[in-house]
Every structure is written in structure tokens, then in C-alpha cells.
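Worksheet: one structure, shown below.
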2 protein chains.
Amino acid sequence: MSSEQTPETGGKSLFSLQRRERLMEELRAHGAITVRDIAAKLGVSELTIRRDVNTLADEGLVSRVHGGATLPSPLDRSVAVGRPSPHSYSIGMVVPSLDYYWPQVISGARGEAEVQNLRILVRGSAYDAADNRRQVQALLDTQNIDGLIVAPDMGGAHGKELLRWLNALPIPVVMAERRAPLEIPSHRLEWVATDHSFGAGMAVRHLWQEGHRMIGCLTDSTSPTSPHVVRGWKQALAALKIPLDASIHEDSAKLDNGDRAKHFDHVLELCRTSGTTAMLVHSDTQAVAFVQHCVDKGVDVPGSMAIVGYDDEVAYLAEPAISAVRPPKSYVGKVAVQLMAARLAEGRMRPVHRIDLNPELIVRDSSLGAPVLPTDSVLEESL
Amino acid sequence: MSSEQTPETGGKSLFSLQRRERLMEELRAHGAITVRDIAAKLGVSELTIRRDVNTLADEGLVSRVHGGATLPSPLDRSVAVGRPSPHSYSIGMVVPSLDYYWPQVISGARGEAEVQNLRILVRGSAYDAADNRRQVQALLDTQNIDGLIVAPDMGGAHGKELLRWLNALPIPVVMAERRAPLEIPSHRLEWVATDHSFGAGMAVRHLWQEGHRMIGCLTDSTSPTSPHVVRGWKQALAALKIPLDASIHEDSAKLDNGDRAKHFDHVLELCRTSGTTAMLVHSDTQAVAFVQHCVDKGVDVPGSMAIVGYDDEVAYLAEPAISAVRPPKSYVGKVAVQLMAARLAEGRMRPVHRIDLNPELIVRDSSLGAPVLPTDSVLEESL
DNA sequence: TCTGAAACGTTCAAACTCGAACAAATGAGA
DNA sequence: TCTCATTTGTTCGAGTTTGAACGTTTCAGA
């Protein structure tokens, strides 16, 4: 039977139906899968996944290829069963990355598009307004889309201009994980976004409940999520009557990897002098790096430093496994498509919708238990 | 929640119904169950649970898999799983009034409940937290509701206590036209509300576009909508670089009808001295009264004073007909039911949703055209 | 064209689950 | 009190799922 060590399933066996659901999620997220990767990820044999792929291919849900499967292809003549009727509408989807975070949004979107009988065309872009616009224009020019789902970069003058342009497009636009600032005309734009300030607040309250009384925040302000995380952290401190000016907030934007170790040393020193025993760290990759740094310096996690990450993309891979705030990425994609489908069906009669989704806190080893008060000598020695 | 015929019609043991409810609770909590675990947990044979699973699968509530059951899966082809056909939930709905504004919310809710095959029980209450709680408790005690839609009064200590109580109820709660403040624990509450600050902003921008350069605001702070309207008015003034401290904001809370005429005179005098040629008036009833007062005093509407109301309940009845911001009341009710239906179907897997709906500006006679600059003598004569 | 690595398909076994058949217990109604 | 229907439990043969082993096929690179 299956391996008990696989991180993805947390040691739990999935039923075959759930395994095929996961397989479809991965396929929608990435467009193609290999039998080997999925078997490793789900902790089962390649033969089992191969059987699953065959079953799904027989149902017309995937196109089987050597070594794996792809989303159903019009070139695939092996299936005769389950071909959907012609799509009612086409929607374009432009995301800033096809890695880290966005594949699950795409997977949710593709799954819902299937349910709603919509054709969806996904394009990867960058955290760059000019490139976003180029990709959108390409979809408009070549694909005849009826609606657009986009996660635009909104920084700087280019970003603001992009929003005005999106607001003026002749087709409906839904933003995923973005909210237009008040000062930009955006009355036609709909959006669905994770409430990151709520997520940060949840992490702070969790750490407070575990006994921490000084809780810091380490962010990366190159990320559009960062301001929301900081706002939630501040609001939660205020609600708990923790003085903000005594609390650590550091940012690692624009640091090279070499500088980052020094910066982490600096953060640990600030923690020591301020009595901070817990940190909310955005994003997950930085949390993993910070945990590793702590361990390298002999700072016990969570005994001397409790850590909560953000995004829950790789937090589980660390040793110890890191607690994390997990945005409902799949739902973001799904709800974006639902908004679009309703807009296309109902037109102007329907009021503009703007939706916040709450994340979930996944508690793992890195934040369990009350702080073990460190003696100064332990931290001195580790620095 | 009963998926079978009620016990009083005989033939079904109450225990078997309760067992299936427990089974469904476990399923919604975990996404999947094994026959073995549930049989052990409930102290019955695996065959009994297997029979239950078969029954629930036949009703479309679960997907049966080898060894157990999962939540209904799109990959499950054995039954039409999209909509559980016989199953119906009851939801309670408590609104502060059965007049003015709320009938359309109720209508939207009832329509959608019909579409979703839900039983909906509506109770009128008051703008009073204690009465709200009494009505909710009555529904819980006597009607066996599975979910609650409510527009609670959140003012004062009673209001905050009501929110905490609603957050802790064992059934899902959706708020209509309400948002919990940050400081109250409300992580389970979902809501759909009109974005009144956006609405107020829209009205200000409309008046600006008609040529008005000083735009005041007249509110009634006994209404929960009022703070949002004021915030939107302020934000829009800021965006248009209209100085806030030179702009008129008056409130008519706590005035008797007799005092209101004097207050309106006072407002008109402030307009005259400040050069204000347009007013956003919340709510509609106050806008109608203000327009009538202006006409009585010889102040030409919209020539000397342009007016936009709020709520669009009676604005069209006035002479001249009054422009108004119209919240999408029917959609508020409809979306509240959609949130509840999805919550009941999906359980904890679904993230908490919070939805803003944008209102619409209905332009009528009362705000058309540029201001005709009034001579002082005309206004002197009218006072 | 040839070769080696990777992937695939078949067969068989192990482990687990299913459900038919039958029996026992319980409750409702005559 | 009796009868019938319903619910629940036990037994055991049949069915399902998964993985190991091994032979076959496919693909990429020399």
C-alpha cells in the first residue's frame, strides 16, 4: 500500500475518487502532468496513477500522452466519449506567474469553467503592468474572448493606467486577488480577493493564544500582498493592546541572498532586545529561509522563536514544519469564473460584485506551545 | 436537518436519522469518511453504515467509494450529483423592518430560495439588538432552522454582544447589509452588503460632472447606513480636491418634525453662505422633505439647489422627481440566500465569503444641469 | 540505425471491502 | 397478545484496489 511518508497527503490515504480529483486539480493547474510526479506527490505507485489516467482518458477528461496526460486536446482522436457541447463563452485569464500560488488559482478556475461550459484560455505574465497589458491585448486580438480574468500589477503610473484601461474595456473584467484603489475609476471592475489582513490577524491571535506577548512581522514589500498583511498585523496588535512602536516590523525587499542572512541576524537581534518570541513571516519562502537560519544559529523553533508563514505553498516542507496562513487559492479561481459566468449571463442588470474570501490558519510544529524564555547567553552564543 | 420523511410519518427510526446526520457532519468536516471509522465511532455495524451510505448516495448527498464515501464529486458518474433533488433546508431570516427597503431584500431572498429549493421563514424585527436576538431565538426554538440570514442592530454594547452570540451559533449565519466591525470576533460570519461609500462617491462625482463645485451632505445618523455614506462623500471630496472643512455636513438625528423645518432653513442658510449648490441627502424620505421645503421657500430645484437622495424608495414620487442612489436590494436578498445555500451544501471546506455589491445612480430631474448662480436677493426673499 | 533508459501493459497476489442470505431484536398496530 | 414491518448484526463468498515482478514498447540521443 501507499507510502506513509508523503508530505502532500500528510500520511493519509486518499480514496481513489479523491486521488483522481487531486490529479485533475494538478492537471488544471499546470496543463499537463507526468505519472511519475503525481505518483510521488500522492504517495502511490506509478501503476495506480497510470490506471487513473486511463480511467479519466476513457471518460474524455484528459488526453493521455507518453509519460503522463494533458488537458483534453482537440488533436486527440482517441476519445469518443464525453465531449462537451460547444462552449457558450470564451474567457481569457492573465496571471502574473505560472509558478508559486497561481497554479491553484488556475486549477480552481479551470474546474469551474468546465462546470459552466466556458472555454478558458490562460496566459502567464509577470509582475509588470506593461507585460500584463501586452498579454491581455494579445488575447483580445487573437482569441475573441468574451470576458477577462486578470491579476494586474497596479504599482506605479503604469499600474494605474492599466487599471483605467481595464475599466474601459468593452468586455467584462474580473480581477483575481486584486482590489482597485479608491482613486482610480473602476466602477465596472469586479473582483475576488483573499482578505489578507484578516489572515494576518488570525496568525497574531493564534500566537497570542499560544502565550506569545511580543509578536513581530517580517515582510517582503515587493509583493502586492504585503501591505494587507502589515495592516492586519497592526490591527490585531492594537486589538490585543500590544504597543505597535515596541513591535518589530522588518522588510526584506531588495535584499540579495547574501544580505538576507545578515538581515536575519539583525532581525534575531531585534527580537532578543525587544523580547519578541514570535514572528509572522510573509511569504512562505521567506519563512522557510528564516526557520532554517534560526536552526543554524541554534535558536529553537518554536521554543525560542515561534514562526507562522504565509501562503502555505512550501511551509510544510521545512523542518520543523511551519504553520502558515493559507489563502483559498482554488476558490479564488473558482469564484472569479462564477462572477464572470453570471456577468455574461445577466449583463448590466447585475450589480458589480466585490468579494473577500477568508484564509485558513494551518497550525504545524513551528508555532505550537508557549515560549520557552531564552536566557540571554543562549542567544548571545548563537549570534 | 432531516433528509428523510419526518419521524411522525412512521417507518423511520429516529436513531437512524440522527445517525445519518452525524455521518453527514463527519463527512462535511473531513471531506471523506471510511465505513470502518464511522461504524466504530457510532457503535454500529459496518453493514449499517454501508446501508446508510447507499441511501445517502441514492439521494445524491454523497459519492460512494470503495471503503467509504466522499462529498459529492464531479468525477462521480453514478448519480446526477449537481443538485441534491429531494433535500431541503430551512433558513430563517430576521430583518429590522417589513417596510421601507427590506421588502425588496426579502423578495430577492424568497425568489432565490425557491430556485434553490430552500424553505425560508421571514421575521420582522426592529432596529434593536435585544429584539433581534428574541426573534432569532424564537426561530431557533420553534422552527428547527438550518441557517440564519439576519440584519442585526450592531449599535452599543447590546449590538456587540449580539454579534458575538451570532458568531457562536451552531448554524451558519449570513448578514444582510451589515458588516461586523474588526474588533468583534466574527470569523464565521458571512455577509453581503451594499457598498454605500461607493454609492455616495458616485453621487458626488455625478454632481461634480453636472458642474457643482460645492457639494454638501445631509444625513440621519440613526441609520446604520449613514457612516458609510459620510465616508464615501468625504473620500470623493478628497479625490476631487474639494476642501472638506469648507463643505457642509449636517445631521438630522433626533429632530422632531417641527424642528426639521428649522433645521432645513439652517441648512439652506449654510448653503447660501458657503456657496453650496448641491446636496447629497440620506435617506430618500429626508430628501423628499428637503426638496419640498426648498420649493416652499422658493429655492429652485435643481437650478439653485441640486439634490440627490439615497435608497431610491420614494425619490421618484417627489416633484421634481429626485435623483437617488439605488442599492441593489433584491440582489442583496438573492446573494444572501446563495451564500447560505452554498454554505449548507459545502460546509467547512468553503472559505468565508464577504461580498460588496455596488449600487446604481438613478438620475432624475432634481440634479440635472449646471447650477444657476443665485443672487443674494433671491435667497434673501425666500428666507 | 542502434542502443539504453524510461514508460507501459499484463499477470498475479495480498489486503481490504462489499453485499446476499439469514437471523435476531424492536416497535407499531390490530 | 399477536403479527408484521423495520432495523440491525453475523457470516462468508465474491469483488475491488493496489503494488511487485517481468516482458514489451516507445523515445531520445549517439
Side-chain angles (χ1 to χ4, degrees), chain A residues 1-6 8-24 26-27 30 32-59 61-70 73 75-79, chain B residues 2-24 26-27 30-59 62-70 73 75-79:
Chain A
M1 280 297 186
S2 63
S3 164
E4 295 297 321
Q5 300 307 315
T6 321
E8 286 282 336
T9 61
K12 292 182 300 183
S13 321
L14 298 168
F15 288 128
S16 57
L17 191 60
Q18 288 175 303
R19 194 179 58 238
R20 287 194 285 275
E21 286 175 342
R22 289 293 308 279
L23 194 158
M24 289 304 301
E26 290 291 321
L27 185 58
H30 301 289
I33 53 149
T34 69
V35 165
R36 176 186 291 189
D37 287 345
I38 297 300
K41 183 168 286 202
L42 301 189
V44 293
S45 76
E46 292 179 21
L47 181 51
T48 297
I49 297 300
R50 196 164 296 127
R51 288 183 177 122
D52 285 341
V53 167
N54 286 342
T55 299
L56 293 166
D58 290 345
E59 294 167 14
L61 298 176
V62 308
S63 291
R64 179 179 12 207
V65 296
H66 193 80
T70 68
S73 165
L75 299 178
D76 183 2
R77 295 180 183 80
S78 65
V79 293
Chain B
S2 171
S3 64
E4 297 288 346
Q5 294 161 329
T6 54
E8 57 269 24
T9 63
K12 304 281 195 232
S13 155
L14 186 56
F15 182 61
S16 68
L17 289 174
Q18 288 175 327
R19 193 178 58 238
R20 281 184 210 125
E21 287 175 6
R22 285 289 307 279
L23 193 157
M24 289 303 302
E26 290 288 323
L27 186 58
H30 301 293
I33 53 154
T34 68
V35 165
R36 178 189 291 188
D37 288 346
I38 296 299
K41 181 168 291 196
L42 300 189
V44 292
S45 77
E46 292 181 18
L47 185 50
T48 296
I49 297 300
R50 196 166 296 129
R51 289 183 179 121
D52 286 342
V53 167
N54 284 344
T55 300
L56 293 166
D58 290 343
E59 294 168 6
V62 307
S63 289
R64 176 178 19 207
V65 295
H66 194 81
T70 70
S73 167
L75 294 180
D76 181 5
R77 296 163 294 117
S78 61
V79 294

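By convention in this document, chain letters (A, B, ...) are assigned in the order of the sequence lines, proteins followed by strands, and residues within each chain are numbered from 1. All of these numbers come straight from a predicted model, not from anything done at the bench.
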Could you tell me which residues satisfy side-chain hydrogen bond (donor to acceptor under 3.5 Å, both in side chains) with R19(A), sequence neighbours excluded, listed by chain and number?
D52(A)

For S45(A), side-chain hydrogen bond (donor to acceptor under 3.5 Å, both in side chains) partners two or more places apart:
T48(A)

Give me the atom names and distance for the closest heavy-atom approach of [X] to [Y].
X	Y	result
L61(A)	L75(B)	CD1-CD2, 3.5 Å
V53(A)	A69(A)	CG1-CB, 3.9 Å
S63(B)	L17(A)	CB-CD2, 3.7 Å

Side-chain donor/acceptor pairs under 3.5 Å, residues 33-40 of chain B, sequence neighbours excluded:
from   : atom 1 : to     : atom 2 : distance (Å)
T34(B) : OG1    : D37(B) : N      : 3.0
T34(B) : OG1    : D37(B) : OD2    : 3.0

Determine the contact category for V53(B): base if any of its heavy atoms lies under 4.0 Å from a base atom, sugar-phosphate if only primed atoms, P, OP1 or OP2 are that close, otherwise nothing.
nothing

Letter per nucleotide, 5' to 3', of nucleotides 22-27 of chain D [B base touched, S only sugar-phosphate touched, - untouched; heavy atoms, 4.0 Å]
----SS

Where along nucleotides 19-26 of chain C does protein come under 4.0 Å, by heavy atom, of base (B) or sugar-phosphate alone (S), with - for untouched nucleotides?
BBB-----

Heavy atoms, side chains only, cut-off 4.5 Å: are L23(B) and I49(B) in contact?
yes

According to a strict under-4.0 Å criterion, is T48(B) in side-chain N/O contact with OP1 or OP2 of dT8(D)?
no

Please confirm whether the backbone N or O of L56(A) pairs with a side-chain atom of E59(A), one donor and one acceptor, at under 3.5 Å?
no

Measure from [atom1] on [X] to [atom2] on [N] and round the result to the nearest Å.
X	N	atom1	atom2	answer
I49(A)	dC8(C)	CD1	P	12 Å
E46(B)	dT11(D)	CD	P	13 Å
F15(A)	dT16(D)	CZ	P	17 Å
I38(A)	dA7(C)	CD1	P	14 Å
R20(B)	dT6(D)	CZ	P	13 Å

With the side chain of R36(B) defined as its heavy atoms from C-beta on, choose the nearest nucleotide among dC8(C), dC16(C), dT18(D).
dC16(C)

Which angle, rounded to 10°, do you find between the first-five-pair axis and the last-five-pair axis of the helix from dT1(C)-dA30(D) to dA30(C)-dT1(D)?
40°

I would like to know whether M24(A) and L27(A) meet side chain to side chain contact (heavy atoms under 4.5 Å, CB included); could you show each step before the answer?
CA-CA 5 Å; M24(A) 289 304 301; L27(A) 185 58; 4.3 Å; yes

DNA chain D: 5'-proximal contact among S45(B) and D52(A) (nearest heavy atom)
S45(B)

Output all residues satisfying salt bridge (charged side-chain N to carboxylate O under 4.0 Å, His left out) with E21(A), sequence neighbours left out; order by chain, then residue number.
none

